[in-house]
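Read the structure below first, then the notes.
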Amino acid sequence: MNEILEQSLLYDFYGELLNDHQKEVYEQFVLDDLSLSEIAQEKGISRQGVHDLVKRCQKTLEGYEEKLHLVEKFLSIKEKVGQIDEMLDTYEETGKDKKEMISQIRQISNRIIEEL
């Protein structure tokens, strides 16, 4: 997965668990794409201090994911919903056997429920 996307997802799921200062700096670096120097100048701290803070935030967010797996579950469910959507598109285009499609959708929905 793209590193920026991964960092954004981790922040989306676990960012509220960071303190306000950590959230602000991490958002500026990851979401606003500011450089370490720009953030350091704005915050009145060293570039190295910003770098260390961003790395600690990353480790913290990755630690939450290792324990809770919320991003992993989200991506898996998103993929399965995409499969259901593709099946429905195929059904609309071809008029594929309705019973078979319903059976496949139920199988996928059961896998989603098992993941939750």
Straight-line distance of [X] [atom1] to [Y] [atom2], nearest 0.5 Å:
X      : Y      : atom1 : atom2 : result
Ile108 : Gln83  : CD1   : CD    : 4.5 Å
Arg106 : Ile84  : CZ    : CD1   : 11.5 Å
Tyr11  : Leu17  : OH    : CG    : 10.5 Å
Leu9   : Ile4   : CG    : CD1   : 12.0 Å
Glu79  : Ile112 : CD    : CD1   : 10.0 Å
Gln41  : Ser46  : CD    : OG    : 13.0 Å

Legend entry - Member of Lys73, His69, Lys80 meeting the side chain to side chain donor-acceptor pair (under 3.5 Å) criterion with Glu115: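 So the option named by the test is Lys80.
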Inset, instruction - State whether the side chain of Asn19 and the backbone N or O of His21 hold a donor-acceptor pair below 3.5 Å, judged by distance alone. - result: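 Yes: the side chain of Asn19 pairs with the backbone of His21.
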Legend entry - Sidechain-backbone polar pair: Ser76 side chain, Glu72 backbone, donor-acceptor under 3.5 Å: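 Not a single qualifying donor-acceptor pair exists.
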Legend entry - Over all atoms of both residues, closest heavy-atom pair of Glu65 and Leu10: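 Heavy atoms of Glu65 and Leu10 come nearest at CB-CD2, 3.6 Å.
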Legend entry - Considering all heavy atoms, the nearest Leu34-Phe29 contact: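 For Leu34 and Phe29, the tightest heavy-atom pair comes out as O-CD1, 3.5 Å.
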Inset, instruction - Would you check if there is a donor-acceptor pair between the side chains of Lys99 and Ser103 at a distance under 3.5 Å? - result: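 Result is no, nothing qualifies.
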Legend entry - Close side-chain approach of Ile105 and Leu88, heavy atoms under 4.5 Å: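 Heavy-atom side-chain distance check passes, below 4.5 Å.
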Legend entry - Residue list, salt bridge (charged side-chain N to carboxylate O under 4.0 Å, His left out) with Asp85, at least two apart or on another chain: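 Applying salt bridge (charged side-chain N to carboxylate O under 4.0 Å, His left out) to Asp85 gives none.
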Legend entry - Steps toward side-chain contact (heavy atoms from CB on, under 4.5 Å) verdict (Tyr14, Leu68): CA-CA 10 Å; Tyr14 307 112; Leu68 301 172; 3.7 Å; yes
Inset, instruction - Sort and list the pairs that fulfil salt bridge (charged side-chain N to carboxylate O under 4.0 Å, His left out) and have at least one residue in residues 12-21, not counting sequence neighbours. - result: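 Non-adjacent pairs meeting salt bridge (charged side-chain N to carboxylate O under 4.0 Å, His left out): Glu16-Lys23, Asp20-Lys23.
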Report, one line per pair, each donor and acceptor closer than 3.5 Å where one atom sits in a side chain of residues 48-64; sequence neighbours left out.
residue	atom	partner	partner atom	Å
Gln48	NE2	Asp52	OD1	2.8
Lys55	NZ	Gln58	OE1	3.4
Thr60	OG1	Arg56	O	2.8

Inset, instruction - Flag yes if Ile113 and Phe74 sit in one hydrophobic cluster, no otherwise; membership is Ile, Leu, Val, Met, Phe, Trp, Tyr, and two members link when side-chain heavy atoms are under 4.5 Å apart. - result: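 No, no single cluster joins them.
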